[in-house]
Amino acid sequence: PSNIGLLAALTSLNVSDNQITSPVPSSLAEMSLLEVLDIGGNALDGDGGDLAATLSGLAAVRELHLDRNELSVSGLLESLAPLRQLRFLNASHNRLQGTVSVRYRSLSALEILDLSTNQLSGSVADGSLERLVGLQNNGTIDLSENVGLG
């Protein structure tokens, strides 16, 4: 619903597997205490109705599930840079495109990053992924089933 931002004290929201379509209400960004957001398994497509801009306002988010949609958000990781508390990101099984690069170093709190089964491209042999995610904390990255990665 468009007025979901009125639930400002909510810390966890799971609306997965509900056939929610784009756009995601921009009022979601008003949920300043939200730590866990699961909108996986819905019918979000394209850029999710400026999903990246909405999510970037959720400063307290530690866990974000965007998996199993049809998102093709350009620059998703870059747009999530303001989420300094983000530890877990699952954006697998979408249509994300572009390259994975060290430009996303601001996501250094990330411990688990799952971008599997997308359409990402680029080279990952230069050690940039270790710098991308806080692997000093024994982090995990899953980039499997991305045809353009090498």
Side-chain angles (χ1 to χ4, degrees), residues 1-122 124 128-129 132-134 137 139-149:
S2 62
N3 59 355
I4 195 159
L6 296 176
L7 302 172
L10 203 63
T11 59
S12 181
L13 177 61
N14 184 337
V15 291
S16 62
D17 300 305
N18 278 296
Q19 299 180 348
I20 295 171
T21 59
S22 300
V24 172
S26 60
S27 66
L28 186 68
E30 297 169 22
M31 301 176 80
S32 60
L33 300 177
L34 195 64
E35 295 180 5
V36 177
L37 176 60
D38 188 343
I39 53 177
N42 282 293
L44 301 175
D45 61 0
D47 68 359
D50 209 13
L51 173 69
T54 299
L55 295 177
S56 69
L58 298 173
V61 166
R62 295 175 183 270
E63 188 174 318
L64 183 56
H65 301 262
L66 303 173
D67 55 302
R68 300 174 295 118
N69 281 290
E70 294 293 323
L71 296 171
S72 58
V73 179
S74 177
L76 175 66
L77 293 179
E78 288 175 317
S79 66
L80 297 179
L83 303 182
R84 303 278 187 219
Q85 303 299 317
L86 191 61
R87 303 235 183 299
F88 175 94
L89 173 60
N90 183 353
S92 66
H93 295 86
N94 278 289
R95 292 182 292 146
L96 301 178
Q97 299 177 349
T99 60
V100 177
S101 129
V102 294
R103 292 185 310 226
Y104 313 127
R105 291 174 92 172
S106 56
L107 295 173
S108 60
L110 217 52
E111 295 172 1
I112 299 174
L113 174 63
D114 188 348
L115 297 175
S116 63
T117 317
N118 278 291
Q119 299 167 9
L120 298 171
S121 60
V124 295
S128 62
L129 291 178
L132 168 63
V133 176
N137 300 323
T140 302
I141 301 170
D142 187 349
L143 294 173
S144 62
E145 300 186 45
N146 279 285
V147 295
L149 287 175

### Task
Heavy atoms only: give me the nearest Arg84-Ala109 pair and the separation to one decimal.
O-CB, 3.4 Å

### Message
Please check this pair: side chain of Asn94 against backbone of Asn69, looking for a donor-acceptor N/O pair closer than 3.5 Å.
### Response
yes

### Query
In chain order, what residues pass the side chain to side chain donor-acceptor pair (under 3.5 Å) check against Gln119, with sequence neighbours excluded?
Gln97

### Task
Taking side-chain contact (heavy atoms from CB on, under 4.5 Å) as the test, write out the residues that go with Ser32, two or more places apart.
none

#### Entry: Full working for side chain to side chain contact (heavy atoms under 4.5 Å, CB included) between Leu37 and Leu55
CA-CA 10 Å; Leu37 176 60; Leu55 295 177; 3.7 Å; yes

## Note on the structure
Closest non-hydrogen contact found for Leu71 with Leu51 is CD1-CD2, 3.6 Å

### Where Asn146 and Leu120 come nearest, the two heavy atoms and their spacing
OD1-N, 3.0 Å

### Message
I'd like to check the side chain to side chain donor-acceptor pair (under 3.5 Å) partners of Asn90; sequence neighbours left out, ordered by chain and number.
### Response
Ser92

### Task
Provide the full list of ring-ring contact (aromatic ring centres under 6.0 Å, His included) pairs with a residue in residues 3-39, sequence neighbours left out, each pair given once.
none

### Query
What ring-ring contact (aromatic ring centres under 6.0 Å, His included) pairs are there with at least one residue in residues 71-92, not counting sequence neighbours?
His65-Phe88

### Task
Using salt bridge (Lys or Arg N to Asp or Glu O under 4.0 Å) as the criterion, list what pairs up with Glu70, not counting sequence neighbours.
Arg95

### Task
Not counting sequence neighbours, which residues clear side-chain contact (heavy atoms from CB on, under 4.5 Å) with Ser27? List them please.
Ile4, Pro25, Glu30

### Task
Write out all pairs satisfying side chain to side chain donor-acceptor pair (under 3.5 Å) with one or both partners inside residues 2-13, taking only residues at least two apart or from two chains.
none

### Query
Hey, what do you get for OG1 (Thr140) to CG (Leu113), rounding to the nearest 0.5 Å?
10.0 Å

### Test side-chain contact (heavy atoms from CB on, under 4.5 Å) applied to Ser144 - qualifying residues, sequence neighbours left out
Ser116, Asp142

### Straight-line distance of Leu115 CG to Ile141 CD1, nearest 0.5 Å
8.5 Å

### Test side-chain contact (heavy atoms from CB on, under 4.5 Å) applied to Ser56 - qualifying residues, sequence neighbours left out
Pro82

### Message
List the residues meeting side chain to side chain donor-acceptor pair (under 3.5 Å) with Ser16, not counting sequence neighbours, and say none if there are none.
### Response
Asn14

### Task
To the nearest 0.5 Å, tell me how far Leu44 CG sits from Thr21 OG1.
7.5 Å

### Nearest-0.5 Å distance that lies between atom CG in Leu28 and atom CD1 in Ile39
7.0 Å

### Message
To the nearest 0.5 Å, what is the distance between CD on Glu63 and CD on Glu35?
### Response
10.0 Å

### Query
Under the salt bridge (Lys or Arg N to Asp or Glu O under 4.0 Å) test, which residues partner Arg68, sequence neighbours left out?
Asp17

### Message
Using 0.5 Å steps for rounding, measure from the CD atom of Glu145 to the CG atom of Asn118.
### Response
10.0 Å

